[in-house]
Amino acid sequence: MRTMTKTASRDLRNPILQIHHLSKSFGNHEVLRDIDFTVYKGDVISIIGSSGSGKSTLLRCVNLLETPTRGEILFQAQNILHQGMDVPAYRAKVGMVFQSFNLFSNMTVLRNCEVGQEKVLKRGRDKARENALKYLRKVGMSPYINAYPRQLSGGQKQRVAIARALAMEPEVLLFDEPTSALDPEMVGEVLEVMKTLARDGITMIVVTHEMAFARDVSNHVVFMADGVICEQSDPERLFTSPKNKRTQDFLSRFIQQ
Ligand code: ADP
Ligand code: MG
């Protein structure tokens, strides 16, 4: 299935998110400039680029944690930037996994995965529990349902955060450097879960420094520098014959490390 997704022409599929001419300034500092890209159903998009290039700000705009200064974001052809947008309902469809997990520290693992379903999706307790258990099983966290976040390792916390996002059954999942805060020995378990999601056909946008993940798992790679998209293409082309000088420099720095 993964192979099919990777080789199928992207633009023959339905666009889920369309970003047009998106710009974002903080005061006089323009941190995103004229960003254009489209996310199709089943895409696994990696966003790569140096620190400070605007990757997090872009994801935060897509998740409505920041308001763009200019431009348009269409979710399933609907403009999400208009006044009166139901933000919690939108965020249930476009979930986000953060570098720092952001679990509710006063709730058990199970409760972390139930509460959004009850509050936002208005699911009953039984249905929310059933769903939470299903996704906790998927990320290998069933044995820890009664634990509190402080009792878990970083890798386990991130897997719970992924289960919590999945339990909302989103259309798209955004990941902002999901493995950057982890001890090296825990990176693999989180990447494995993300690979499984990709194989299952979950649409994902992943900001990452894991070049092997970007190359092997995603079907589209976006390279950003100084608030602009310098280059975007399928991973084979971007990693083997980058056209843009800045992409070439970035990749050669990575390969030297
Ligand atoms: P990346 O995720 O690629 O490291 P960011 O999106 O976090 O980059 O940041 C891009 C630029 O925007 C940086 O120069 C950063 O300092 C600036 N920036 C990010 N958030 C804010 C903010 N809330 N206020 C002011 N500047 C910000
Ligand atoms: Mg960032």
Side-chain angles (χ1 to χ4, degrees), residues 17 19-39 43-73 75 80-81 87 90-91 94-103 154-155 157-158 161-162 165 172-184 186-187 190-191 194 204-215 217-218 220-233 235 238-239 242 244-257:
L17 274 169
I19 294 163
H20 296 306
H21 304 301
L22 187 80
S23 297
K24 172 70 183 173
S25 297
F26 292 108
N28 296 331
H29 185 191
E30 192 170 50
V31 300
L32 292 177
R33 193 161 68 250
D34 207 20
I35 299 285
D36 270 296
F37 76 100
T38 304
V39 182
D43 268 349
V44 178
I45 298 182
S46 291
I47 302 180
I48 61 172
S50 307
S51 176
S53 56
K55 306 179 300 296
S56 293
T57 305
L58 175 56
L59 279 199
R60 291 170 62 80
C61 286
V62 172
N63 200 237
L64 293 177
L65 291 166
E66 300 288 355
T67 308
T69 313
R70 275 190 307 282
E72 208 177 46
I73 302 176
F75 173 71
I80 65 158
L81 299 175
V87 175
Y90 171 71
R91 288 205 188 117
V94 181
M96 183 129 160
V97 173
F98 300 88
Q99 182 176 329
S100 50
F101 327 120
N102 295 13
L103 294 176
K157 280 188 237 190
Q158 196 57 300
I162 293 172
V172 188
L173 259 188
L174 313 177
F175 293 83
D176 192 359
E177 298 199 34
T179 60
S180 293
L182 301 178
D183 292 333
M186 288 163 193
V187 169
V190 171
L191 290 178
M194 293 171 64
M204 297 156 66
I205 309 178
V206 185
V207 170
T208 188
H209 293 293
E210 297 288 337
M211 292 302 134
F213 179 92
R215 192 188 56 223
V217 184
S218 35
H220 191 73
V221 181
V222 172
F223 170 68
M224 290 182 66
D226 289 335
V228 299
I229 294 180
C230 289
E231 189 161 356
Q232 55 178 324
S233 80
L238 193 120
F239 284 103
N244 187 292
K245 172 84 170 67
R246 301 188 74 164
T247 322
Q248 292 164 5
D249 291 348
F250 175 80
L251 291 177
S252 66
R253 270 205 312 278
F254 249 94
I255 288 155
Q256 275 163 19
Q257 278 171 6

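As the structure is a prediction and not an experimental result, all values here were calculated from the model. Every number for a ligand or one of its atoms is a count from 1 in the order of the listing.
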Using only atom types and a distance under 3.5 Å, with no angle test, would you say the side chain of [X] pairs donor to acceptor with the backbone of [Y]?
| X | Y | answer |
| --- | --- | --- |
| Thr69 | Ser25 | yes |
| Gln158 | Thr179 | no |
| Glu231 | Phe223 | no |
| Asn244 | Arg246 | yes |
| Asp176 | Val207 | no |
| Lys55 | Ile47 | no |
| Asp226 | Ser53 | no |

Ignoring waters, protein N/O/S atoms under 2.8 Å from the Mg ion (ligand 2) are Ser56 OG

Practice problem: I would like to know whether Lys245 and Asp249 meet salt bridge (Lys or Arg N to Asp or Glu O under 4.0 Å); could you show each step before the answer? | Solution: CA-CA 6 Å; Lys245 172 84 170 67; Asp249 291 348; 2.9 Å; yes

Residues with a heavy atom under 4.0 Å from ligand 1, by chain and number, are Phe26, His29, Val31, Ser50, Ser51, Gly52, Ser53, Gly54, Lys55, Ser56, Thr57

All heavy atoms of Arg91 vs all of Leu64, minimum pair found to be NH2-O, 2.9 Å

